[in-house]
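The structure appears right after this line, and notes come after that.
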Amino acid sequence: MGGSEASIEHPQQPYVPRDLHLPGYVPCFLSQFDIVVPYFGSSIVLVVFIWLLSGRYAKITKTDRLLMCWWAFTGLTHIILEGYFAFSPDFYKENTPFYLAEVWKEYGKADSRYLARDATVVVLEGITGALVGPACLLAVYAIASRKAYSYALQLSISLGQLYGFVAYFMTAYLEGDNFAASPYYYWAYYVGANSPWLPIPILIVIRCWKKISAALQVDKKMKIK
């Protein structure tokens, strides 16, 4: 009887720990292919669109055009995916193939803290979706418009992303780092899907630091004269 009740409460639950309490849990409707391919496909379309659009601005360098693509991609990812998670605590109960809910049901196989509504993860994703995401889109505009605050903005966002990256992985490590259903999900989703948010922000921080320092050095020389 007890086993029967457990199977009803946790139908085909693919998450770790296996006794994770998920009342009302509904398994994924979509396959991994149907979840991952649209995400990558729409991301590629977005990047190509921004790249082509940025080419209409003659004074924008190729590096800045690439950065516009990055900020557009990461900004919409933060707002749409992470924003949905942060403000949809019952996504795992969704009984229709709603794409965003399916994304997090699938990603939860790599990090079950998302299903368990871990406080640290919810706070990090909430801040990222509500603040960092819009700031990323502002960075796209700042680069295109050659605003004076462009480098300071990109530096600030990148530092915020690095902080979130470290906090996300360090808290998992301190809590045992045992939230993935299998090594495949651990490396493909937990490590692989998050990996761009380490080297790219670091490179942007270095670039912006050099640009700001050079501008301040020029200003200093002009004041001396």
Side-chain angles (χ1 to χ4, degrees), residues 14 26-57 60 62-111 114-115 121-122 124-144 153-154 157-158 160-161 164-165 168 180-181 184-201 203-204:
V26 177
C28 283
F29 289 89
L30 301 178
S31 67
Q32 182 185 49
F33 180 88
D34 291 332
I35 294 172
V36 174
V37 171
Y39 175 73
F40 278 108
S42 58
S43 299
I44 292 172
V45 170
L46 173 66
V47 168
V48 171
F49 172 75
I50 297 298
W51 175 261
L52 295 176
L53 181 64
S54 63
R56 298 169 63 91
Y57 298 86
I60 297 182
K62 288 185 178 180
T63 298
D64 281 329
R65 291 174 66 189
L66 287 173
L67 286 171
M68 289 176 66
C69 293
W70 164 252
W71 291 126
F73 160 74
T74 191
L76 291 177
T77 297
H78 291 331
I79 293 172
I80 298 175
L81 289 185
E82 294 166 273
Y84 170 80
F85 163 78
F87 300 104
S88 302
D90 295 328
F91 72 88
Y92 62 83
K93 299 179 183 179
E94 179 63 48
N95 59 5
T96 64
F98 179 59
Y99 181 74
L100 296 180
E102 296 291 284
V103 167
W104 290 112
K105 288 181 187 179
E106 178 70 13
Y107 184 77
K109 297 172 186 176
D111 189 347
Y114 283 81
L115 280 298
V121 170
V122 173
L124 286 174
E125 299 290 24
I127 293 174
T128 301
L131 299 179
V132 180
C136 291
L137 299 187
L138 179 59
V140 176
Y141 167 77
I143 295 172
L153 176 63
Q154 293 179 70
I157 300 171
S158 296
Q161 290 180 328
F165 183 93
Y168 176 66
Y184 167 77
Y185 289 111
Y186 181 89
W187 291 105
Y189 290 170
Y190 180 71
V191 176
N194 289 292
S195 59
W197 277 273
L198 179 63
I200 295 178
L203 292 174
I204 294 174

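Throughout, numbering of the chain's residues begins at 1 and tracks the sequence.
- Distance check: Ile60 CD1 to Leu66 CG gives 11.5 Å after rounding to the nearest 0.5 Å.
- Contact of the Ile143 side chain with the Trp71 side chain is registered, since non-hydrogen atoms from C-beta on lie closer than 4.5 Å.
- Note: Leu67 CG to Thr74 OG1 = 12.0 Å, rounded to the nearest 0.5 Å.
- Contact detail for Gly126 and Ala86: the closest heavy-atom pair is CA-CB, 3.5 Å.
- Side-chain N/O atoms of His78 and Glu125 include no donor and acceptor closer than 3.5 Å.
- Screening Tyr185, Tyr189, Tyr168 for a side-chain hydrogen bond (donor to acceptor under 3.5 Å, both in side chains) involving Asp111 leaves a single residue, Tyr168.
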Item to check | Verdict with reasoning, Ile80 to Tyr84, per side-chain contact (heavy atoms from CB on, under 4.5 Å) | outcome: CA-CA 6 Å; Ile80 298 175; Tyr84 170 80; 5.9 Å; no
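- Proximity of Met68 to Phe73: side-chain heavy atoms (C-beta onward) are nowhere separated by under 4.5 Å.
- The CD atom of Gln161 sits 11.0 Å away from atom CG of Leu198, with the distance rounded to the nearest 0.5 Å.
- A donor-acceptor pair is defined here as one N or O able to donate and one able to accept, closer than 3.5 Å; such a pair exists between the side chain of Lys105 and the backbone of Glu94.
- Residues Pro97 and Leu30 approach most closely at CB-CD2, 4.1 Å, considering heavy atoms.
- Counted by atom type alone, Trp104 and Ser88 present zero donor-acceptor pairs between their side chains at under 3.5 Å.
- Closest of all the heavy-atom pairs between Tyr57 and Ala144 is CD2-O, 4.1 Å.
- Counting all heavy atoms, side chain and backbone alike, Ile50 lies closest to Ala72 at CG1-CB, 3.8 Å.
- Side-chain contact between Tyr114 and Val121 is present, with at least one heavy-atom pair separated by less than 4.5 Å.
- Between Cys136 atom SG and Gln154 atom CD the span is 9.5 Å, to the nearest 0.5 Å.
- Here the CZ-CG distance, from Phe85 to Leu124, works out to 10.0 Å after rounding to the nearest 0.5 Å.
- Heavy atoms only, all atoms of each residue included: Tyr186 and Ala180 are closest at CB-CB, 3.8 Å.
- The closest side-chain heavy-atom distance from Phe91 to Val103 is not below 4.5 Å.
- Shown here for Pro196 and Gly192, the closest heavy-atom pair between the two residues is CD-O, 3.7 Å.
- Using a 4.5 Å heavy-atom threshold, the side chains of Leu137 and Leu76 count as touching.
- In this structure, Tyr39 has its ring center at least 6.0 angstrom away from the ring center of Tyr107.
- Listed for the Glu102 side chain is a donor-acceptor partner under 3.5 Å among the backbone atoms of Phe29.
- Residue Ile157 holds its CD1 atom at 11.5 Å from OG1 of Thr128, rounded to the nearest 0.5 Å.
- Within 6.0 Å of CZ in Phe165 there are more than 12 heavy atoms belonging to other residues, nucleotides or ligands.
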